[in-house]
Amino acid sequence: MVKTSFISRVTGVVRRIPKGRVMTYKEVAKAAGHPGAFRAVGSVMKANHDPAVPCHRVIRSDMRPGDYNRSGGERTKIGRLVEEGVRVIDGKVVRGKK
DNA sequence: TAGCTGACGCAAA
DNA sequence: ATTTGCGCCAGCT
């Protein structure tokens, strides 16, 4: 039972994100086969709250954490990323190197 | 069924 | 550097 190609691909990609690593919405959309569907990626995330899909590891291309939910937004996401081993400086995500 | 919104991205001003 | 407009797909009203 495959919801839609897009959702399956997106969830599959996000699920493969290793700990301490983050991927931008654009990268995920591209990896999912829809390089221009970064909007849909976000929509799918909130609509599909799958525990195996660490949506908090998906950030914006601006290096900002973006939003996670309406109850905390960036702050909640930042704390989660930091616990995973991702360095967040000045509200911006740093991928292991600077 | 149709229309609007949204956890976004990029270009232009 | 910041703001505005446009484009994209899926989900909700």
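Numbers restart at 1 for each chain; the letters A, B, ... are given by sequence-line order, proteins then strands.
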Over how many whole Å does the gap from [X] atom [atom1] to [N] atom [atom2] extend?
X: A/Lys46; N: B/dT5; atom1: NZ; atom2: P; value: 12 Å
X: A/Met45; N: C/dC9; atom1: CE; atom2: P; value: 17 Å
X: A/Arg9; N: C/dA10; atom1: CZ; atom2: P; value: 12 Å
X: A/Ile7; N: C/dC8; atom1: CD1; atom2: P; value: 20 Å
X: A/Asp50; N: C/dA10; atom1: CG; atom2: P; value: 18 Å
X: A/Lys77; N: B/dC8; atom1: NZ; atom2: P; value: 8 Å
X: A/Phe38; N: B/dG9; atom1: CZ; atom2: P; value: 7 Å
X: A/Arg39; N: C/dG5; atom1: CZ; atom2: P; value: 15 Å

*Give a yes or no answer on whether the side chain of A/Asp90 reaches the backbone of A/Lys92 with a donor-acceptor pair at less than 3.5 Å.*
no
*CZ on A/Arg57 to CZ on A/Arg15, rounded to 0.5 Å*: 12.5 Å
*Find out whether A/Val58 and A/Ile17 are in side-chain contact, i.e. whether some heavy atom of one side chain is under 4.5 Å from a heavy atom of the other.*
yes
*Side chain to side chain, A/Val41 and A/Phe6, heavy atoms closer than 4.5 Å*: yes
_If you only use heavy atoms from C-beta on, which nucleotide in C/dG11, C/dG7, C/dC9 is closest to the side chain of A/Ala40?_
C/dC9
*Does C/dC9 have OP1 or OP2 sitting under 4.0 Å from an N or O in the side chain of A/Ser43?*
no
*Counting only non-hydrogen atoms, which of residues 25-35 of chain A are less than 4.0 Å from DNA chain B?*
A/Tyr25, A/Lys26
_Could you work out, with side chain to side chain donor-acceptor pair (under 3.5 Å) as the rule, every residue matching A/Arg60, not counting sequence neighbours?_
A/Asp62
